[in-house]
Amino acid sequence: MKEVLQDASREELARLIQEAGEKPFRARQVYEGLMHGQPLSALPVPAALRAFFAARFEEEPVRIEQVFTAKDGTRKFLFALADGNLIEGVLMQYDYGNTQCVSTQVGCRMGCKFCASTLGGLVRNLTAGEILGQIVAVNRFLRGGLRDRRAVTNVVLMGSGEPFDNYENVVRFLRNITDAEGIGISARNISLSTCGLADKMRRFAGEGIPLNLTVSLHAVTDEERARTMPVAKAFSIADILSACAYYFERTGRRYLFEYSLIAGENADLAHADALAALLRGRPCHVNLIRLNAVKERSLLAADERMAQAFLQRLKERGISATLRRSMGADIGGACGQLRASYLEKNRK
Ligand code: SAH
């Protein structure tokens, strides 16, 4: 693979254009063109500059391969990367705007037992520009522009991959997407979900990017957590809670927990009580979701009634919590399902 021009920050791009012997105003044209999702050969610049780019950089690092639209309007995108790898993303429409869920890796090596993204292990990290490219491609697909005319208004790093297992590229992506001269999505409108790499959570607290930090908890004791999340052997719930407290101290942002309700595993009222005891008094919010059953996995979702009872119990115990409705279930909305089914189909 060639290099990815979209990895560059605005300043780096300006320097590159200077190196190429072009006038400074070209930097702005190139930057805006890239942020509008134009392939390199379509940039409105002199042919010599296009040739300079073509020799070194990928023409179009992220291309929309397929689009699926669910009954509820949720759209799922299958993206092709320049090396032929596939990744997926989801766009959810809410009253306040459109939230895009992006992938940070091809595959994942965290091994969570309920997740389809990790079935084939980690293939490779995405570059910063490949993460950005997913948003730029969808924005363009929906005919959105920059800043005030964006079609994608919110971003969640909850697609395939563990963002903190690809730390440098993810931070670079976050700096680029929040650049007010470019796409300019504010950190407040970005959520990053981690399986709880507590060392990286602490490091991230010092980056000056006050986004919504979300931790996939899914259990109330380390033993139970280790049954579905191998990462629990590396970082305890106590480590995670202390890293969360540090994040709050440094950024002033409250943090969130994801808790997927799995029948017979973590969804009894006793679990709700234990979760409430663990989180009481902490500046946090709990997002409950019923497990999205993945066919390669044997785990089952808690039913709607259990989920409601779990939610009520948390609230009675003074915990801020919501039960999120599952969106796009009819199009394989859960992590990694689309890529997994596509790979399977094309293998046959
Ligand atoms: N690696 C990161 C982000 C990707 S997953 C993380 O672990 O947080 C985004 C969220 O979806 C995580 O909370 C993950 O645990 C959850 N998830 C994965 N598969 C799921 C499934 N089949 N049903 C419900 N939630 C799932």
Side-chain angles (χ1 to χ4, degrees), residues 87-90 101-126 131 155-171 173-174 190-205 207 209 211-247 255-262 265-266 271 275 278-279 282 284-292 294 296-297 299 324 334-337 339-340:
I87 51 170
E88 57 192 286
V90 186
C101 176
V102 297
S103 293
T104 55
Q105 297 179 313
V106 182
C108 182
R109 57 177 181 146
M110 295 297 132
C112 298
K113 294 282 186 286
F114 41 76
C115 182
S117 299
T118 199
L119 286 167
L122 177 67
V123 178
R124 72 168 173 88
N125 283 330
L126 297 186
I131 305 173
V155 172
V156 299
L157 283 75
M158 292 193 187
S160 293
E162 165 50 45
F164 284 161
D165 190 37
N166 182 16
Y167 188 91
E168 275 80 17
N169 293 346
V170 163
V171 168
F173 154 74
L174 290 169
I190 302 176
S191 301
L192 182 153
S193 182
T194 175
C195 63
L197 304 184
D199 55 342
K200 301 289 177 40
M201 291 166 64
R202 288 179 168 272
R203 182 171 163 201
F204 188 73
E207 299 284 359
I209 308 173
L211 51 64
N212 307 302
L213 184 64
T214 303
V215 181
S216 301
L217 199 57
H218 306 321
V220 292
T221 66
D222 292 324
E223 293 70 35
E224 290 187 1
R225 195 160 185 264
R227 284 209 298 258
T228 54
M229 302 181 73
V231 69
K233 293 177 197 113
F235 298 100
S236 69
I237 293 176
D239 289 340
I240 290 172
L241 293 181
S242 129
C244 286
Y246 181 67
Y247 188 76
Y255 39 90
L256 297 97
F257 294 102
E258 297 279 317
Y259 197 98
S260 299
L261 294 161
I262 310 172
E265 180 63 38
N266 66 0
H271 289 111
L275 184 59
L278 207 55
L279 302 183
R282 295 180 189 270
C284 67
H285 179 84
V286 177
N287 271 323
L288 298 172
I289 190 160
R290 291 173 53 218
L291 182 80
N292 210 323
V294 170
E296 291 83 354
R297 305 296 207 186
L299 299 167
R324 290 191 306 168
C335 276
Q337 283 182 349
R339 172 168 171 268

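These numbers come from the heavy atoms of this one structure, side chains and all, not from hydrogens, waters or symmetry mates.
- Judged by distance alone, the side chains of Thr194 and Glu162 do bring a donor and an acceptor atom under 3.5 Å apart.
- Across every non-hydrogen atom of Thr118 and Met110, the tightest pair is OG1-N, 3.7 Å.
- For the pair Phe114/Met229, a side-chain contact is recorded, criterion being any heavy-atom separation below 4.5 Å from C-beta on.
- Here the CG atom belonging to Leu126 is positioned 7.5 Å from the CD atom belonging to Gln105, to the nearest 0.5 angstrom.
- Closest heavy-atom contact between Val106 and Leu122: O-CD1, 3.5 Å.
- Once rounded to the nearest 0.5 Å, the distance linking CZ of Phe173 with CG of Leu157 reads 5.5 Å.
- Using the six-membered ring where Trp is involved, Tyr167 and Phe164 have ring planes that are tilted, between 30° and 60° apart.
- At a threshold of 4.0 Å, the pair Arg203-Glu168 counts as salt-bridged, since one of the basic side-chain nitrogens sits closer than that to a carboxylate oxygen.
- The distance from atom CG of Asn292 to atom CG of Leu299, rounded to the nearest 0.5 Å, is 12.5 Å.
- With hydrogens and angles ignored, the 3.5 Å screen pairs a side-chain donor or acceptor of Tyr259 with a backbone N or O of Asn266.
- No side-chain heavy atom of Arg282 sits less than 4.5 Å from a side-chain heavy atom of Cys244.
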Worksheet item: Would Leu279 and Leu241 satisfy side chain to side chain contact (heavy atoms under 4.5 Å, CB included), going step by step from the backbone distance to the final call?
Response: CA-CA 9 Å; Leu279 302 183; Leu241 293 181; 4.0 Å; yes
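- The closest donor-acceptor contact from the side chain of Asp239 to the backbone of Ala198 lies at 3.5 Å or more, if one exists at all.
- Within the 4.5 Å cutoff, the side chain of Leu256 has no heavy atoms near those of the Ser191 side chain.
- Side-chain N/O atoms of Arg225 and Ser236 include no donor and acceptor closer than 3.5 Å.
- In this structure, the side chains of Leu275 and Phe257 stay at 4.5 Å or more apart for every pair of heavy atoms.
- Note that the CG atom of Asn125 and the CD1 atom of Ile131 stand 8.5 Å from one another [nearest 0.5 Å].
- Nearest approach of Gly159 to Cys101, heavy atoms of both residues: N-SG, 3.3 Å.
- Put simply, OG on Ser160 and CD on Glu88 are 5.0 Å apart, with the number rounded to the nearest 0.5 Å.
- Side chain of Ser260 to main chain of Leu291: no donor-acceptor pair is present (N/O by atom type, distance under 3.5 Å, no hydrogens or angles).
- Partners of Glu258 according to the salt bridge (Lys or Arg N to Asp or Glu O under 4.0 Å) rule, which considers only residues two or more places apart in sequence or in another chain, are Arg324.
- Not a single donor-acceptor pair under 3.5 Å links the side chain of Thr214 to the backbone N or O of Ser193.
- Counting all heavy atoms, side chain and backbone alike, Thr228 lies closest to Pro230 at O-CD, 3.7 Å.
- With contacts defined as side-chain heavy-atom distances shorter than 4.5 Å, the pair Met201/Phe235 does not qualify.
- Counting heavy atoms from C-beta on, the side chains of Val102 and Ile87 never come closer than 4.5 Å.
- Residues Leu174 and Ile209 share a closest heavy-atom pair of CB-CD1, 3.9 Å.
- The closest side-chain heavy-atom distance from Ile190 to Leu192 is not below 4.5 Å.
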